[in-house]
Every structure is written in C-alpha cells, then in structure tokens.
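Below, chain A is the first sequence line, B the second, and so on; all start at residue 1.
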2 protein chains.
Amino acid sequence: MSRPRAADSASRARILRAAAAEFAARGYAGANVDRIARTARLNKAMIYYHFTSKAALYHEILNDMFGAVRRQVVEIAQSPLNPQEKVRRYVAAIAGEAEARPHFPPIWLREIAEGGEHIDKATVGYVRDVLGALSSIIDEGVRAARFHRVNPMVFQGGIIAPLMFFFATTGLRRRLARGGATGAADISTGEVVAHLQQLALAQLEGKLT
Amino acid sequence: MSRPRAADSASRARILRAAAAEFAARGYAGANVDRIARTARLNKAMIYYHFTSKAALYHEILNDMFGAVRRQVVEIAQSPLNPQEKVRRYVAAIAGEAEARPHFPPIWLREIAEGGEHIDKATVGYVRDVLGALSSIIDEGVRAARFHRVNPMVFQGGIIAPLMFFFATTGLRRRLARGGATGAADISTGEVVAHLQQLALAQLEGKLT
DNA sequence: GTCTATAAATAGATAGAC
DNA sequence: GTCTATCTATTTATAGAC
C-alpha cells in the first residue's frame, strides 16, 4: 500500500505547518524551501516527496484557508437564523477562521497585493461561493424589508479588510505604541469583531444617512 | 561637482518608477534588481550607482508614500475647517495619495503582512504623526460635543484597510466577476470614498447604536 | 554616467543510497 | 520515508573599461 501511515502523515503535517508560517512571514517569492524543511525538522528532499513543488505546497495552504471560510459561510447562509443574526455570525466566522490560523491574515493580505497571482480555479470558486452566500443573506434581509440593498463586494471589503488588518498588525501596533503612536496598543479580538458587526448591520439597516 | 545634472536625475527617476512597480507586483523579496534595470532601460550597475542597495531603494519608495500621507493629513488637522469636514478630507486625502501612486496599495498591504519588517525609524515617525493628526481631529470633535470618542487605531484601520483593498483589487475583481462572483464588478473610486466618509462620520457621531 | 563581465551566494529541484 | 550530495538556474552586488 502506498497510503501514508501515521508517522508519514505527521511529517507531512509538520511541513504544512512550517510552510504556512514561512509563506506568511516572507511571502511566496521570499519563502525558502530549505528553511521550511529545517523548521519541520526534515530536509528539503522530504518536501518534494510529499508535494510536487513549492507552488503546490502553497496552493494547499491557500485552499485550506478559503475552503474553511466557505464551509462556515455557506452553512450560516443556509441556516434558519434571521438575517441580522446571520450577518453577525458571518463576521464572527471570518474572524474565527482567521484567528485559528495565524498565517491566514498575512497570506490573505499578500494575495490581495499580488492581485491574486497564485489564486487558481479552485480558489476562485471558493471566493465566488463566499460572495454568493453573502449575497443571499443580503437578499433575504431585503425581502424581509429589514435591509437596504448594498453592493456585496463593497460590504465584504469593509468587513474583511479591517479584520485582516487587525490580526496582522498585532506586532506592529505594539512597535508603533513604543514609537509614540496614540491608541495603537492592544485591542481585543472581541472588541474588533463587535465593532465590525455593528458597522455591518448599521450599513444594511440604513443607519448611515 | 558630483551633483547629478538633468540627464542623471532622469535615469534616477526612471529607476524609482520601475522599482515601485516591481516591488508592488512581486514584493520586496520577489523583486528582481535586473528586471528593475531593464524596465528603466538601464542596466543593473546603474542601480548600484544611484542607490546603495536594493533595501535603500525600497526605503526611498516607502518613505515617499508615508511622507506624502503625513504631509496631507497634518495640513488638514491644522486647517481651520470643522471636524466633520476634516474627517471627510482625511479619507479623501489617503485615497488621493494612494490613487496617485499605483504601487501604494500593494506595497502598503505587503508591509502590513510582514508586520512592518522594512519599516525604519523614519517610517515609524510618519505613521506616528498620521495617527497623531487623526487623534487631534477626533479630540477637536469631542471637545465641540460633535463626536464620540473612538480608538484612533480601530478607526484608522476601518478606513485605510478597505481603501487599500479596493485599489489593490481592481484587477482581481474583474477576474472574480468573470468567475461568476456577484457584484464584484467595477465600483468607482468616488463611490468608495463617499461610502467610507459616511461610515467614518457615522461612527464618530454615534449613529451605530 | 553608463556599460560588460563576473564574482559570490542562494535557492528550487532531483538522483540515488539506505 | 528519510537522508546526503549535487545539479542548475537565479540573483545581489562589484570590478573595471569607456
């Protein structure tokens, strides 16, 4: 049998963990396969035993991220909750999946910066489904006369971009605070999520005008 | 005299333009000095004639970006406008400087992703001043009993992150639209700026609760 | 100021032993 | 499954001619 046993999967998992950290810290081009191997307490050849290439390794990490978000968001959209509650959970779900993966926010930010250079068809599908689920939640609220119609892309950007910004800047904000910047210090995840939930609902309920 | 004449400055400027585009597209680690030289219609040696290193070249671009934002924002904070108008102009100023430099949003997003790895003391100073100016605008509004007090960092993140997201995703959004995503198509800069101005003021004026 | 040529280091990927 | 050794290509940086 060629299927990996427990010990094999363990080293494969170590590679994935090490690679996620490396891609997050240095980006795709800056990531070093040899360093990934050392972090995983293995050698370079093992990476090419488990994965076809540096690119394939990266895609696996990318699709785990976007796949996890899609799963959560589609489930929320199909649930029997009311539209307001769905929006709150939508925000919390993205925050939750990002917080569960320290590499998520940096990799997400870099992909946006590259214009989605490494985004393959599978990833495009995930993003399409996430935006589709969001659209259906908004539609449901509009039909129930509780929401105003908003552009899903503008709405989504207003939520996910600040979220990724805050998760990714934890270290930088500390540094800025030491450099004399006001109010850059620690803000809790809960505060930011609550704030963005409120902001999201205020937009949908037309409280801005 | 060793000061460059017109022709010299022209090639220096071409290097800076080419480098900005390269760093934006591929990130610091991914940027290739030889490709920068070719884009600038020069050769690699000329880059090391005008700049001490790849890192020095990058810092010059970074500090031009953050310096421009600081100049604008400090001027707005010190102007005799009312606090609401200052907030509107604050949002528009960041959008304006970003739009004037196509490399600005991608480089900004990448720096956030790296936790400000390439941010030197000069850059930290710029960011500190920008947050300081924002804080003074908020304080002014609070004293005039027009604004509620908000955390400047949370507030700033809610504005600049969506702005950079939208500028950086122009190409990607078209691709997602072709891939079947709803509402991902073209949204104008004016719309996004107006939306974020409204969102900013709604927060400060306590319209969210 | 601008070029060619090259040094010196680094990195993705593979061969082949165990 | 795991390793060492190595090939090959790329890349930052510099020497030196014009």
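Using a 4.5 Å cut-off on side-chain heavy atoms (C-beta onward), A/Met153 and A/Leu131 make contact.
Rounded to whole Å, the distance from CZ on A/Phe51 to P on C/dG12 is 15 Å. If you measure from atom CG of A/Asp34 to atom C1' of D/dC3, you get 13 Å, rounded to the nearest angstrom. In this entry the distance linking OH of B/Tyr49 with C1' of D/dA15 reads 16 Å, nearest Å. When rounded to the nearest whole Å, the span between CG of B/Leu42 and C1' of C/dC3 equals 10 Å. Residue B/Lys44 contributes atom NZ, which lies 13 Å from atom C1' of D/dA15 at whole-angstrom precision. Atom CD of A/Glu22 and atom P of C/dT10 are 15 Å apart (whole Å). B/Tyr28 places its OH atom 9 Å from the C1' atom of D/dT12, with the value rounded to the nearest Å. Look at CD1 on B/Ile47: it is 14 Å from C1' on C/dC3, rounded to the nearest Å.
Out of D/dT12, C/dG12, C/dT2, the shortest distance to the side chain of B/Ser11 is found at C/dT2. Between D/dT12, C/dG12, C/dC3, one nucleotide has an atom nearer to the side chain of A/Lys54 than all others, and that is C/dG12.
Side-chain N/O atoms of A/Asn43 include none lying less than 4.0 angstrom from OP1 or OP2 on D/dT2. Put simply, A/Tyr48 has no side-chain N or O that comes within less than 4.0 Å of OP1 or OP2 on C/dT14. At D/dT10, none of the side-chain N or O atoms of B/Asn32 fall inside 4.0 Å of OP1 or OP2 (strictly under the cut-off). The side chain of B/Ser53 places no N or O atom within less than 4.0 Å of a non-bridging phosphate oxygen (OP1 or OP2) of D/dT12.
Note: A/Lys86 NZ to A/Ser136 OG = 6.5 Å, rounded to the nearest 0.5 Å.
Remark: A/Glu75 CD is loosely packed, at most 12 non-hydrogen atoms of other residues, nucleotides or ligands lying under 6.0 Å away.
Within the nucleic acid shown, B/Ala31 comes within 4.0 Å of sugar-phosphate atoms alone, with no base atom in reach, counting heavy atoms only.
Between B/Glu111 and A/Arg110, none of the side-chain N atoms (NZ, or NE/NH1/NH2) sits under 4.0 Å from a carboxylate O, so this pair counts as no salt bridge. Ion pairing between B/Glu97 and B/Arg71 fails under the 4.0 Å rule for side-chain N and carboxylate O.
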